[in-house]
A.B. asks: 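Once you've had a glance at the structure underneath, I'll fire off some questions.
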Amino acid sequence: MSAKWMYVRKWLIGVSCCSLVLGTVMMIWPQVSATALCWILGLLIVGVGIHEITRYFQLGFAGLFFRLDLVLGICDILIGVVLLPPFIGSSFLPFAAGLYVLAGSIFNIQLALNISKYKMGAWGTSLALGIVGLVLSIFLFADPFHGTAALMTFMGVSLMVNGIQGLYDVSRLTKAIKISEGPKAESQSEVIGVEWRRVE
């Protein structure tokens, strides 16, 4: 696999783990400061947006699975900046978290469709995770929760699902890229093994 994909793979694992840890903390301690959460989530989303834009211009074949990166990257940067306390801050928190989870869900659904289209293995789990994330993001947009603790707990669950989505995506993408590189390697080995004989 290419060095660029390996770099992207490490970044995806790191962001997914951050989302998973943040979600777990919010579930265990729903009384966590909304201001601190805004800073952490805002900076995380800005970082993801910058990386998405960079990734859009860098990847080769793997870029097939990241075609929405440019648009999502710009949106993520705007969401992250607005989420920071000097701007709208905590009042925007449920909506920002919903958009963040929604972006991950769109990517999962896109990934499932691409894997199915190019016949690169099982795609049902990616689609299911995308739909689950989509439902969670709708609840965050609607914000039907009574009390901060309930909202924080639900946001924690949503971020945990987002983290699981990301880790599963990495495994599926790695497998898909290996499959895409398989025929090339096989054809090269076939060429190497050819014997040329002069016909009398």
Side-chain angles (χ1 to χ4, degrees), residues 4-5 7-23 26 34-59 62-115 126-144 151-152 154-170 172-173:
K4 287 181 179 179
W5 165 245
Y7 167 74
V8 169
R9 183 173 178 271
K10 290 177 182 178
W11 176 269
L12 287 173
I13 292 173
V15 170
S16 300
C17 288
C18 286
S19 184
L20 196 56
V21 170
L22 184 59
M26 291 175 66
T35 302
L37 185 59
C38 284
W39 275 109
I40 296 170
L41 191 58
L43 292 174
L44 177 63
I45 294 175
V46 168
V48 169
I50 292 171
H51 179 70
E52 284 171 340
I53 293 174
T54 305
R55 184 172 64 195
Y56 177 81
F57 293 103
Q58 282 186 340
L59 291 178
L64 174 69
F65 301 100
F66 298 92
R67 285 180 293 187
L68 297 177
D69 267 9
L70 185 60
V71 175
L72 291 177
I74 294 171
C75 291
D76 278 344
I77 291 174
L78 293 175
I79 293 167
V81 169
V82 173
L83 188 58
L84 297 177
F87 300 96
I88 297 177
S90 57
S91 61
F92 187 63
L93 188 55
F95 190 75
L99 286 175
Y100 182 63
V101 174
L102 177 63
S105 302
I106 291 172
F107 178 75
N108 267 267
I109 294 171
Q110 174 191 293
L111 175 63
L113 294 176
N114 283 337
I115 289 175
S126 290
L127 183 62
L129 285 171
I131 293 172
V132 169
L134 193 62
V135 172
L136 292 174
S137 66
I138 291 172
F139 272 97
L140 286 170
F141 291 145
D143 192 11
L151 173 61
M152 291 296 182
F154 189 82
M155 283 179 57
V157 172
S158 302
L159 290 174
M160 286 180 67
V161 170
N162 185 263
I164 293 169
Q165 283 178 341
L167 293 174
Y168 185 77
D169 288 346
V170 170
R172 295 306 307 153
L173 283 167

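These values consider heavy atoms only, across backbone and side chains, with no hydrogens, waters or symmetry-generated copies. Please read all numbers here as calculations on a predicted model, not as lab measurements.
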A.B. asks: Rounded to the nearest 0.5 Å, how far apart are CG of Asn162 and CG of Leu136?
C.D. replies: 9.5 Å
A.B. asks: Considering non-hydrogen atoms only, spot the tightest contact between Leu72 and Ala103 and give its length.
C.D. replies: CD2-CB, 4.1 Å
A.B. asks: Mind checking ring-ring contact (aromatic ring centres under 6.0 Å, His included) for Phe154 and listing every partner two or more places apart, or none if nothing turns up?
C.D. replies: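 Residues passing ring-ring contact (aromatic ring centres under 6.0 Å, His included) with Phe154: Phe139, Phe145.
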A.B. asks: Could you tell me the separation between the OG atom of Ser158 and the CG atom of Leu102, rounded to the nearest 0.5 Å?
C.D. replies: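 Separation between the atoms: 11.5 Å.
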A.B. asks: Is there a side-chain contact between Ser105 and Ile131 in this structure, where contact means two heavy atoms from C-beta onward sitting under 4.5 Å apart?
C.D. replies: no
A.B. asks: What's the shortest heavy-atom distance between Val101 and Gly133, and which atoms?
C.D. replies: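 Looks like CG1-O, 3.4 Å.
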A.B. asks: How close do Ser19 and Gly163 get, heavy atom to heavy atom, and via which atoms?
C.D. replies: OG-N, 3.7 Å
A.B. asks: Only counting residues at least two apart or in another chain, list the ones meeting side-chain contact (heavy atoms from CB on, under 4.5 Å) with Leu93.
C.D. replies: Leu37, Cys38, Leu41, Leu83, Met152, Met155
A.B. asks: Mind checking side-chain contact (heavy atoms from CB on, under 4.5 Å) for Val21 and listing every partner two or more places apart, or none if nothing turns up?
C.D. replies: Val25
A.B. asks: Just jot down the side-chain contact (heavy atoms from CB on, under 4.5 Å) partners of Val170, sequence neighbours excluded, or say none.
C.D. replies: Arg9, Leu12, Ile13, Thr174
A.B. asks: With the side chain counted from C-beta on, respond yes when Asp76 and Val46 share a heavy-atom pair under 4.5 Å apart, and no when they do not.
C.D. replies: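 When only atoms from C-beta onward are counted, Val46 and Asp76 do not touch, as no gap falls below 4.5 Å.
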A.B. asks: If I compare all heavy atoms of Ile79 with all of Ala96, which pair ends up nearest, and what's the gap?
C.D. replies: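 What the structure gives for the nearest pair is CG2-CB, 3.8 Å.
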A.B. asks: Roughly how far apart are Leu129 CG and Phe107 CZ, rounded to 0.5 Å?
C.D. replies: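 If we round to the nearest 0.5 Å, Leu129:CG and Phe107:CZ are 12.0 Å apart.
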A.B. asks: side-chain contact (heavy atoms from CB on, under 4.5 Å), that's the test. Do His51 and Val8 meet it? Break it down for me.
C.D. replies: CA-CA 9 Å; His51 179 70; Val8 169; 4.3 Å; yes
A.B. asks: Nearest heavy-atom pair of Ser126 and Leu111: which atoms, and what distance?
C.D. replies: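 Where Ser126 meets Leu111 most closely, the heavy atoms are OG-CD2, 3.9 Å.
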A.B. asks: Checking Leu20 now: which residues fulfil side-chain contact (heavy atoms from CB on, under 4.5 Å) with it, not counting sequence neighbours?
C.D. replies: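 In terms of side-chain contact (heavy atoms from CB on, under 4.5 Å), with neighbours along the sequence ignored, Leu20 is linked to Met160, Ile164, Leu167.
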A.B. asks: Taking all non-hydrogen atoms of both residues, which atom of Gly80 and which atom of Ile45 are closest, and how far apart?
C.D. replies: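 Heavy-atom minimum between the residues: N-CG2, 3.8 Å.
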A.B. asks: Please enumerate all residues that pass side-chain hydrogen bond (donor to acceptor under 3.5 Å, both in side chains) together with Asn108, with sequence neighbours excluded.
C.D. replies: Asp169
A.B. asks: Verify side-chain contact (heavy atoms from CB on, under 4.5 Å) between Phe95 and Leu140, making sure each step is shown before the conclusion.
C.D. replies: CA-CA 6 Å; Phe95 190 75; Leu140 286 170; over 6 Å; no
A.B. asks: Given Ser137 and Leu99, is the side-chain contact (heavy atoms from CB on, under 4.5 Å) satisfied, shown in steps?
C.D. replies: CA-CA 7 Å; Ser137 66; Leu99 286 175; over 6 Å; no
A.B. asks: Rounded to the nearest 0.5 Å, what separates atom CG in Asn114 from atom CZ in Arg172?
C.D. replies: 12.5 Å
